[in-house]
Chemist: 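Just passing along the structure, written as structure tokens.
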Amino acid sequence: MAGLELLSDQGYRIDGRRAGELRKIQARMGVFAQADGSAYIEQGNTKALAVVYGPHEIRGSRSRALPDRALVNCQYSSATFSTGERKRRPHGDRKSCEMGLQLRQTFEAAILTQLHPRSQIDIYVQVLQADGGTYAACVNAATLAVMDAGIPMRDFVCACSAGFVDGTALADLSHVEEAAGGPQLALALLPASGQIALLEMDARLHEDHLEQVLEAAAQAARDVHTLLDRVVRQHVREASILLGD
Amino acid sequence: MLQKREKVLLLRTFQGRTLRIVREHYLRPSVPCHSPLCPQPAACRNDGKLLSAEVTHYVIPDWKVVQDYLEILEFPELQGVIFMQTACQAVQHQRGWRQYNKLRNLLRDARHDCVLFANEFQQHCYVPREKGESMEKWQTRSIYNAAVWYYHHCLDRMPIVMVTEDEEAVQQYGSETEGVFVISFKNYLDNFWPDLKAAHELCDSILQSRRERESENQESHGKEYPEHLPLEVLEAGIKSGRYIQVREVTNHCEFEATLRLHSKFQVRLVSDILIHGMKARNRSIHGDVVVVELLPKNEWKGRTAALCENESEDKALGDAPSEPMPTGRVVGILQKNWRDYVVTFPSKEEIQCQGRNAQKVLATPWDYRIPKIRISTQQAEALQDFRVVVRIDSWESTSVYPNGHFVRVLGRIGDLEGEIATILVENSISVIPFSEAQMCKMPVNTPENPWKVSPQEEQVRKDLRSTHLVFSIDPKGCEDVDDALSVRTLNNGNLELGVHIADVTHFVAPNSYIDIEARTRATTYYLADRRYDMLPSILSADLCSLLGGVDRYAVSVMWELHKSSYEIQKVWYGRTIIRSAYKLCYEAAQELLEGNFSVVDDIPEFKDMDLESRQAKLEELVWALGKLTDIARHVRAKRDCCGALELEGVEVRIQLDEKKNIHDLIPKQPLEVHETVAECMILANHWVAKKIWESFPHQALLRQHPPPHQEFFSELRECAKAKGFFIDTRYSSSFFSPCRVSLYLGCPEIDYRHFCASVTMAGLVFLQAAQHSQKQSTELFQCTYFKDKGPEMEERCIADGVIYSIRTNGVLVFIPRFGIKGAAYLKNKDGLVISCGPDSRSEWKPGSLHRFQNKITSTTTGGESTTLQLFDHVTVRISVQALRCHSDTIRLEIISNKPYVTPNMERPQQSSIVLKSELVKEVTRSVEEAQLAQEVRAKALQEECEEYCQTKGRSLYTLLEEIRDLALLDVSDSCGA
């Protein structure tokens, strides 16, 4: 039995998008009052919640403190009800540890950590519903949350995934497309400078096609940026009205 | 702007729980409608295929119609067909990839007036499935909804007919919208296409076979075959190693199959797996990918070694099987490879025998490997003298034979055209003429409007017209000259060898209609008396044929060779303009090469030349031919040194007389020129392949031969042992290079023409079908040849044969004169065995047969015994066994155990001439090889001397090497004598 037809001859994907089109993105900042910063994002059916505490004093052992910059601590978890079958996912399993490390790398590159030496910034991300591209959704949610917390950053970090099917690069893969087993690439981009904060791929892809897939992912990340930028501006506008200016 | 919807699917997991899956579904305001009547072409972005503007209505088939009647929708007469995406997906999900790919190809094909409308992604056409609505009803509803939208989209200017098999839908929607008609498919054909007889017949046959299937499902028969296991079980079994995934290859018998393992599964088992009996085969057909379970070792069986005629009574003959081999049974089929099959309906008497169920007829496929197919038809009597194409629909576990339906008639049995059509269908070759749309893109070349070299091309291409003497060498009467050669001396004394291939890419733009068509045809098929072109004849026989005396575009490879050692100094690739000076045939070229100028008058280029210039030109040509042969010998010697594979076989040419009757079969004489041309082409391919591989490493289509499989050599080794030779097959290089094994195991298919094609049309797939059909057509002509011969031609049918394999009840014989291989029985159906008296004439007498490894002995009750050994020469009589259902087969009968002596001595003399020239060639080549080897060795020795400070001169090793060479020479001498 062959798999599904990921890209039809007419250029449509299974869910009706064309190759370069993103899923619908909706986001909100400042969803929790208790935390320093928080955000919620929906990318298609992938839903993620990010909460930021800090910068604050190092909790736990003091020896972890870095003399010249802030420590970024990221934790990832996914809800038991996030996939089709309910499944308990204990903290500290391999997958969430890896995701936490990736998020940490991404945000160490984006946050101006040298402004807060000997302090700590905590980023907690939870995936409420997983439908492909969880890493990208987590990064995008965390970006908004960090901004909501007012922590200085170099730029937005916008992430998006891209895949490769029949010589065409597909942007923003859904779960069905991921499960088909083709190569998948996750990219976190600082859109203003075009710098790459994180690039991850663990499948085989011919060198000649990498450029094309990378370009598709970067373009998708830039599109995400436009949307996030709109969300941030909207949030600032609402906040300033509340403050009564 | 896209709109987001959600679809909820409920799936059942392997454990049996239901799983709720939510999938997104995005809708857009406009999708391409592909209609010329579209009011907003810009919004619809109609690129690619448009529907024809001349149709009176558009047809929208319902999902069920697409599934069941796709073959009718494939008729080019049916125009303005719109396939809805919903219907296509139904095909994909319920009918599998094979059917879906057929639909996709149909949609891609520019000649068919049909398009796909992505209705599920259009925001007005999409209808979500309601709670409690069945899948079928929802599909029909969304197709109807899309049809209505489409009608309004085209501003109500084009009536739309939706054809459905659902009676309720006809009732419900029939008069709902004006301009959108909903009728049944049968009704549609009757009303709109009353004259399209073929479609009606096809429709009837499909309907009938479906009815049969339905009624059968209701009856509960006893099961004939075990059910196939579900896919998950198979996959798990393959992973755990319990089952093995293989492609089925059927052997000679109907009830026995062998499976060739996919190479990646060869870890555990090295030999083939035997599947014994129809029950164990479990409904798998030749070519399917199946999953096999091995039986316990005590149930293993041996392969039947007896000759078998595919007739029921002969099955009993399978006595004394050979040693047991892995035996298994089929537990599931992963991929069905059903195609169209050619069958013959039984004759009238046989129908009566089958009796009770007149509507079902068991038709016998032309291909022995395919089981009989049950066809439901009422035309069986009318069709009994014809070859007919059928398609298999299903094979239930309750039925002994597969069910199928009738598709079309090919031609009368025994009619040459019909038989050739049979061969084409059996090899899945399509030979429809090129269409108007394809031809209009072609350049013209008529006497009034001759084709000329364009000035732009003249600037970019290298012009070789005045500087190079280019000529082509091809078989007699060849029209598509695709390669030409040139050789000349450069100013610095070096030689320049050029190989020129017609530049097809100039005329065939990538992805043009012609390109797409050529890709589906993949190659030009050469049958024994005709060919089916890959490209239109204006290209293949004219503009892309490097004919003599006209300007042509070409792609060339040119090497600069050292003047004496012929080492390649430089190589140049590029596009050129050439003018071939001579179009030679192989025979003429060979004559010229041997200094026999009597053929000059046959070369048209020389005809209207005066004597003097003719002499000069002739000398020039002969020099070039000679040089070319020299170079080829040298290149070949070098290639042989590195280990090259050489396959020899006998090819037969068919000579037709004026009335197109078969006059004679002539084995193709191997000439040295053949090899020279082939060698140049191999050289060119080698270099081009290298270049392609360097430039496009991931797109290069190269052929790599895996190291030979040791198992395959075992038979060969045994054969050789019978005659006292020992062949070392452990190292493939030692096998291929020093001893050139030329066997009588015919392999006429290897042809360098295919390589040329792959040079000119990048990305061509090498197709075996072409070779198969070529071989089969030759066999057909062979049969026709022997069939027509009356008694006066009796002696023609007696020939000399060589035994190349021994079976329990007969031997396999190869006849070099005609290039025929066949079986000869030593024991006939009455149980009599052959025995040869003192005058070596054979007679049938009662007795018994004893088979040994390399010989077979028949002992009569009288005590006389006759022994036949492997590679013995015998005299055989060739006759034709006419079969109704299959192609005629050649039968051989041993009439004497002595070699055949030709009454007139003309032929042997001829062959001795051939032998002589062959011998000369062989000697020159071996001298060259020896020289080369010497050089290499000397160089290596020198290096070693320098490195290890060894004494110069003869070491023991070289001495031994020389002795070995001497020994080899002795053998070849005695062979030559």
Side-chain angles (χ1 to χ4, degrees), chain A residues 1-26 42-47 81-87 128-133 164 166-167 170-180 204-212 223 227, chain B residues 1-11 13 15 17-28 31-32 34 45 47-49 83 85 88-89 92-93 96-98 100-101 103-108 115-123 126 230-232 234-235 334-335 696-699:
Chain A
M1 189 183 73
L4 287 159
E5 189 184 35
L6 292 182
L7 190 69
S8 71
D9 289 340
Q10 287 72 32
Y12 294 111
R13 289 154 70 172
I14 293 174
D15 51 13
R17 287 182 288 158
R18 287 188 180 275
E21 288 172 345
L22 294 179
R23 290 177 291 175
K24 188 181 176 88
I25 293 186
Q26 281 176 313
E42 284 185 10
Q43 279 187 280
N45 281 340
T46 302
K47 293 165 189 173
F81 48 82
S82 62
T83 50
E85 272 179 307
R86 188 181 162 87
K87 191 175 169 191
L128 301 179
Q129 192 174 337
D131 188 34
F164 188 74
D166 300 338
L170 306 182
D172 196 12
L173 301 188
S174 68
H175 176 68
V176 189
E177 287 161 339
E178 276 181 4
R204 284 164 64 100
L205 179 71
H206 197 280
E207 190 190 349
D208 295 5
H209 301 137
L210 182 65
E211 192 81 9
Q212 190 192 348
D223 293 345
L227 292 166
Chain B
M1 212 40 233
L2 301 186
Q3 286 183 6
K4 186 184 146 178
R5 292 291 154 84
E6 278 180 359
K7 263 191 197 170
V8 178
L9 301 175
L10 290 171
L11 295 182
T13 60
Q15 285 90 33
R17 276 182 289 164
T18 43
L19 186 65
R20 187 185 153 96
I21 288 179
V22 184
R23 273 191 200 160
E24 288 171 272
H25 191 84
Y26 287 93
L27 304 177
R28 52 186 74 234
V31 296
H34 302 293
R45 286 202 287 177
D47 44 356
K49 216 157 101 170
F83 290 102
Q85 189 194 4
C88 295
Q89 277 174 356
Q92 189 188 345
H93 288 144
W97 275 84
R98 219 183 158 72
Y100 181 61
N101 275 337
L103 179 59
R104 264 169 66 177
N105 288 337
L106 186 69
L107 286 164
R108 275 188 211 146
V115 294
L116 181 122
F117 180 66
N119 65 317
E120 296 205 14
F121 298 143
Q122 217 283 343
Q123 61 189 33
Y126 174 67
L231 194 67
E232 311 89 65
L234 294 182
E235 275 171 359
L334 283 186
Q335 193 185 17
F696 308 102
H698 65 279
Q699 283 177 340

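These numbers come from a predicted model, not from an experiment.
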Chemist: Quick check on A:Asp9 against chain B: is it the side chain, the backbone, both or neither that has a heavy atom closer than 4.5 Å?
Modeler: side chain

Chemist: Tell me if the CZ atom of B:Arg45 is crowded by more than 12 foreign heavy atoms within 6.0 Å.
Modeler: no

Chemist: Tell me, side chain or backbone of A:Glu207 under 4.5 Å from chain B's heavy atoms, or both, or neither?
Modeler: neither

Chemist: Using non-hydrogen atoms only, which part of A:Arg18 is less than 4.5 Å away from chain B: side chain, backbone, both, or neither?
Modeler: both

Chemist: Can you check whether B:Leu107's main-chain N or O pairs, donor with acceptor, with B:Lys49's side chain at less than 3.5 Å?
Modeler: yes

Chemist: Between B:Phe121 and chain A, with a heavy-atom cut-off of 4.5 Å, which part of the residue counts as in contact: side chain, backbone, both or neither?
Modeler: side chain

Chemist: Out of B:His25, B:His93, B:Arg104, which one racks up the most heavy-atom pairs below 4.5 Å with chain A?
Modeler: B:Arg104

Chemist: For A:Arg23, is it the side chain, the backbone, both, or neither that has a heavy atom closer than 4.5 Å to a heavy atom of chain B?
Modeler: both

Chemist: Is the backbone N or O of A:Ser174 less than 3.5 Å from a side-chain atom of A:Glu177, with the two atoms forming a donor-acceptor pair by type?
Modeler: yes

Chemist: Would you say the side chains of B:Tyr100 and A:Glu5 form a donor-acceptor pair under 3.5 Å?
Modeler: yes

Chemist: Relative to the ring of A:His209, is the ring of A:Phe164 parallel (under 30°), tilted (30 to 60°) or perpendicular (over 60°)?
Modeler: parallel

